[in-house]
Amino acid sequence: MHDLHIYNTLTRRKEPFQPLNPPHVGMYVCGPTLYTHAHLGNCRTFLSFDIVFRYLRHLGYKVRYVRNITDVGHLESDADEGEDKVAKRARLEKLEPMEIVQFYAVDFHRILDKLNLLPPSIEPLASGHIPEQIEMTQRILQNGMAYEVNGTVWFDVEKFAKVFPYTQLSNRQLDELLDGTRDNLEGQDEKRGRLDFALWKRATPGHIMRWNSPWGVGFPGWHIECSAMSTKYLGEEFDIHGGGMDLIPTHHTNEIAQHAACYHKNPARYWMHTNMLTVNGQKMSKSLGNSFLPAELFSGNHPLLERGYSPMVVRFFMLQAHYRSTLDFSNFAIQAAEKGFQRLMAALELIPHLPVSDTSTVDVPALRQAVYRAMNDDFNTPVALAELFEGVRHIYAIHEGRDTLTAADKEQLQKLYNEMVFDVLGLKPEKNSDDTLVTGLMQLILDIRSEVRSKKDYATSDKIRDALAKLGIQVKDGKEGTTWSRT
RNA sequence: GGUCGGAUGGCCGAGAGGUUAGGCAGAGGUCUGCAAAACCUUUUACAGCGGUUCAAAUCCGCUUCCGACCUCCA
């Protein structure tokens, strides 16, 4: 029935999507480490998976979507050195680590809600799954793929690589990885191999986040929380695992390793990775100073921004690029998206008012097929939108009598746009005002204006129009009467 | 330096051997008391040089430039 193909990073190919236990689908996406505000690039990744979630549900799958929040164990360096990011922030602000995470989690959810992302089915915290992580670490030790040194448990990458393709996901050569990192082996006397990573870390006396374990007081490593939580909620093997592309070489590679060291198989069948958001061709990142927060984008309160852009415009802007391509941000580009979004929404509002005829000159089933073909091709939202814009042209043509539509086709057209635009793409109209008083007053004012216009009293009608313009209301005289909108 | 991925018209961005992607901007038009808005039509393209092919933006090779990862990042 569906012909959905998903690009799998594991095989570097698009593959037909076949869930393990239809109609159920298990999907795990690596969420943020909330020691600070999530930035716009982070949001793009979660938006991409929101589309996956929505489309799979639309196709009739029962999706369990797990997206974690990492609140412990993520150190400042992937080499398992430096301070825990959350703990550091807590120390600096003299707050409980959980206070830090709670503060940024609330903010994170508020932003995602504005962008109309559906909440995941489960949003587990790493700190809430310490026993699971300890248990998994024990299992890896029992299976001989890890070793303990002074209360820290290290994953033995080189040993593991002999029995499992460790570099499968990143598509790199193990020798080269070992070579490339040799020089920073110094100062790390505990781990045996340069690629080895911590499953459990001994807590230094001043470390605020600490739990008892078979190896003494400590805290879990960065990657193990995702393995433990995905296994707990989705099982030893599930359908989709996703995250940003930058997680491929370290985080996801190690996740697969840990999981395979326990269960002798890759946790997920389809690995999906989203590309980066760039600004002037460079990856958005805090260190480059080219990142801004979603809240700043909405308000326009940032040096890089000419003005604010509404959340739905931002969503539309991101959907105009495929999730595996980089997307370059600029004021010009997002302003173009804003106009396009408004055009799409205006056409959508027109559908219920379209006249019907005995025959159709528009091939609605073909349009429908084209849109689904795009979505089935690895969630190709830009092409799906392009097809919907083809439909927009027809909607206007029908509106103006240049094309015709049967009642049945009109119903199908309405259904297609409702389902695709609202349910799958998650766009929604941004009402300027639903204040009934304003609506009533405007109706009255425009009635008066049209009366004086019919008497050719243009001085008065222009006075009304100009005065409204000063108040930020644009009057639009059309064939079918006069409408208005806020500017 | 190593590995991987890119270079598409003024901008953003799809496509991936033969047929117009789409959006925005520009130009022309329709409508209009005027204006705006809206709608219609429409110009400009596949980094460079070779090769394969009846046919290449699309495949292969080289060159140039850019990015990502290898060091915190979705």
Side-chain angles (χ1 to χ4, degrees), chain A residues 12 29-33 35-36 38-49 74-79 81-82 85 167 170-173 175-177 179-181 184 222 242-251 273-278 281-288 291 316-317 319-322 324-344 346-347 350 370 374 377 380-390 392-393 395-397 399-400 402 453 456-458 461-462 465-466 469 474-480 482-485 487:
Chain A
R12 311 209 163 232
V29 172
C30 289
T33 302
Y35 62 100
T36 183
H39 72 209
L40 197 64
N42 305 119
C43 294
R44 185 187 180 203
T45 291
F46 304 126
L47 170 62
S48 298
F49 287 105
H74 198 162
L75 304 189
E76 291 178 294
S77 154
D78 268 354
E81 295 162 41
K85 291 177 174 195
T167 56
S170 65
N171 202 23
R172 297 198 184 171
Q173 300 297 316
D175 307 351
E176 283 161 5
L177 289 176
D179 264 10
T181 51
N184 39 7
W222 175 32
M245 227 171 221
D246 45 2
L247 296 180
I248 293 172
T250 307
H251 184 60
H273 292 96
T274 61
N275 215 319
M276 301 291 110
L277 182 71
T278 60
Q282 281 202 309
K283 177 178 173 179
M284 178 178 278
S285 85
K286 286 175 197 125
S287 51
L288 286 166
S291 75
F316 181 87
F317 168 69
L319 294 179
Q320 275 194 308
H322 186 84
R324 282 191 289 115
S325 300
T326 53
L327 171 61
D328 197 53
F329 179 89
S330 70
N331 282 279
F332 194 77
I334 196 161
Q335 280 165 23
E338 186 172 57
K339 294 236 173 105
F341 172 66
Q342 285 164 354
R343 182 154 179 261
L344 178 65
L350 218 49
D377 183 14
N380 198 327
T381 54
V383 170
L385 279 170
E387 299 296 351
L388 289 170
F389 272 107
E390 289 295 327
V392 165
R393 193 157 55 219
I395 289 168
Y396 283 114
H399 178 62
E400 291 172 8
R402 284 174 286 114
R453 282 179 77 212
K456 299 204 192 290
D457 178 4
Y458 298 121
S461 90
D462 288 354
R465 184 176 66 195
D466 295 346
Q474 184 183 37
V475 171
K476 303 172 185 178
D477 291 327
K479 232 178 196 170
E480 328 274 313
T482 301
T483 57
W484 62 278
S485 68
T487 51

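Values in this document were obtained by computation on a predicted structure and should not be read as measured data. Residue numbering restarts at 1 for every chain, and letters A, B, ... go by the order of the sequence lines.
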Peer 1: Say we look at B:U20 and B:G9: how far apart would their C1' atoms be, to the nearest angstrom?
Peer 2: 14 Å

Peer 1: 5'-most contact on RNA chain B: A:Lys283 or A:Thr45, nearest heavy atom basis?
Peer 2: A:Lys283

Peer 1: Say you pick atom C1' in B:G22 and the same atom in B:U42; how far apart are they, in whole Å?
Peer 2: 16 Å

Peer 1: Taking atom C1' in both B:A7 and B:G48, compute the distance separating them and give it to the nearest angstrom.
Peer 2: 11 Å

Peer 1: Indicate, with a heavy-atom threshold strictly under 4.0 Å, whether A:Gly41 touches base, sugar-phosphate, or nothing.
Peer 2: base

Peer 1: Could you measure between the two C1' atoms, the one in B:C24 and the one in B:A14, and give it in whole Å?
Peer 2: 15 Å

Peer 1: Is any side-chain heavy atom of A:Lys456 less than 4.5 Å from a side-chain heavy atom of A:Tyr458?
Peer 2: yes

Peer 1: To the closest 0.5 Å, what do you measure between SG (A:Cys30) and CZ (A:Phe49)?
Peer 2: 9.0 Å

Peer 1: Rounded to the nearest 0.5 Å, what separates atom OG1 in A:Thr482 from atom CZ in A:Arg453?
Peer 2: 5.5 Å

Peer 1: Where do A:Met284 and A:Gly41 come nearest, in terms of heavy atoms and distance?
Peer 2: SD-N, 3.7 Å

Peer 1: Rounded to whole angstroms, how far apart are CE on A:Met284 and P on B:G67?
Peer 2: 16 Å

Peer 1: For the pair made of CG in A:Asp466 and P in B:A35, what is the distance, rounded to whole Å?
Peer 2: 14 Å

Peer 1: When you measure from the side chain of A:Thr326 to the backbone of A:Leu277, do you find a donor-acceptor pair of N or O atoms at a distance under 3.5 Å?
Peer 2: no

Peer 1: Where does RNA chain B pair, written as one dot-bracket string 5' to 3', with Watson-Crick or G-U pairs under 3.5 Å, ( ) inside the strand, [ ] for crossing pairs and | for another strand?
Peer 2: (((((((..(((.....[...))).(((((.......)))))....(((((..]....))))))))))))....

Peer 1: Rounding to a whole Å, what distance do you find between A:His39:NE2 and B:C73:P?
Peer 2: 11 Å

Peer 1: Checking A:Asp377 side chain against A:Ala374 main chain: does a donor-acceptor pair fall under 3.5 Å?
Peer 2: no

Peer 1: Identify which nucleotide among B:A74, B:G2, B:G33 has an atom closest to any side-chain atom of A:Arg172, counting heavy atoms from C-beta outward.
Peer 2: B:G2

Peer 1: How close do A:Ser170 and A:Ile248 get, counting heavy atoms only, and between which atoms?
Peer 2: CA-CG2, 3.8 Å

Peer 1: What integer distance in Å separates A:Met276:CE from B:C4:P?
Peer 2: 19 Å

Peer 1: Could you list, one pair per line, each protein nitrogen or oxygen that sits under 3.5 Å from a nitrogen or oxygen of nucleotides 11-20 of chain B, together with the distance?
Peer 2:
from: B:G13; atom 1: OP1; to: A:Asp328; atom 2: N; distance (Å): 2.8
from: B:G13; atom 1: O2'; to: A:Gln320; atom 2: O; distance (Å): 3.2
from: B:A14; atom 1: OP1; to: A:His322; atom 2: N; distance (Å): 2.5
from: B:A14; atom 1: OP1; to: A:Ser325; atom 2: OG; distance (Å): 3.0
from: B:A14; atom 1: O3'; to: A:Asn380; atom 2: ND2; distance (Å): 3.4
from: B:G15; atom 1: OP1; to: A:Asn380; atom 2: ND2; distance (Å): 2.9

Peer 1: How many Å lie between NE2 on A:His251 and P on B:C73, as a whole number?
Peer 2: 9 Å

Peer 1: Starting at atom CZ of A:Arg453, determine the distance to atom P of B:G33, rounded to an integer number of angstrom.
Peer 2: 7 Å

Peer 1: Work out which heavy atom in A:Met245 is nearest to a heavy atom in A:His273; give both atom names and the distance.
Peer 2: CA-CB, 4.0 Å

Peer 1: Starting at CZ of A:Phe49 and ending at P of B:A74, how long is that distance when rounded to a whole Å?
Peer 2: 13 Å

Peer 1: Could you run through nucleotides 36-41 of chain B and give me one letter per nucleotide, 5' to 3': B if any protein heavy atom sits under 4.0 Å from the base, S if only the sugar-phosphate is that close, - if neither?
Peer 2: BB-SSS

Peer 1: On a whole-Å scale, what distance lies between the P atoms belonging to B:A47 and B:A56?
Peer 2: 15 Å

Peer 1: Rounding to the closest angstrom, what is the interatomic distance between B:A27 and B:G17 at atom C1'?
Peer 2: 34 Å

Peer 1: Is a side-chain N or O of A:Thr274 found less than 3.5 angstrom from the main chain of A:Thr45, in a donor-acceptor match?
Peer 2: no

Peer 1: Taking atom P in both B:U44 and B:A21, what distance in whole Å separates the two?
Peer 2: 11 Å

Peer 1: For A:Asn275, is there any backbone N or O sitting under 3.5 Å from a side-chain donor or acceptor partner on A:Arg44?
Peer 2: yes

Peer 1: Can you tell me how far P in B:U52 sits from the matching atom in B:U58, rounded to whole Å?
Peer 2: 15 Å

Peer 1: Would A:Gln342 and A:Glu338 satisfy side chain to side chain contact (heavy atoms under 4.5 Å, CB included), going step by step from the backbone distance to the final call?
Peer 2: CA-CA 6 Å; A:Gln342 285 164 354; A:Glu338 186 172 57; 3.8 Å; yes

Peer 1: Please classify the nucleic acid contact of A:Gln335 as base, sugar-phosphate, or nothing, using heavy-atom distances under 4.0 Å.
Peer 2: nothing

Peer 1: Does the ring of A:Tyr458 meet both stacking tests against the six-membered base ring of B:G33: centre distance under 5.5 Å and plane angle under 30°?
Peer 2: yes

Peer 1: Is the side chain of A:Asn380 donor-acceptor paired with the backbone N or O of A:Val383 at a distance under 3.5 Å, no angle test?
Peer 2: yes

Peer 1: Under the 3.5 angstrom rule, does the side chain of A:Thr167 hit a backbone N or O of A:Arg172 as a donor-acceptor pair?
Peer 2: yes

Peer 1: In this structure, how many angstroms lie between the P atom of B:C4 and the CG atom of A:Asn275, rounded?
Peer 2: 17 Å

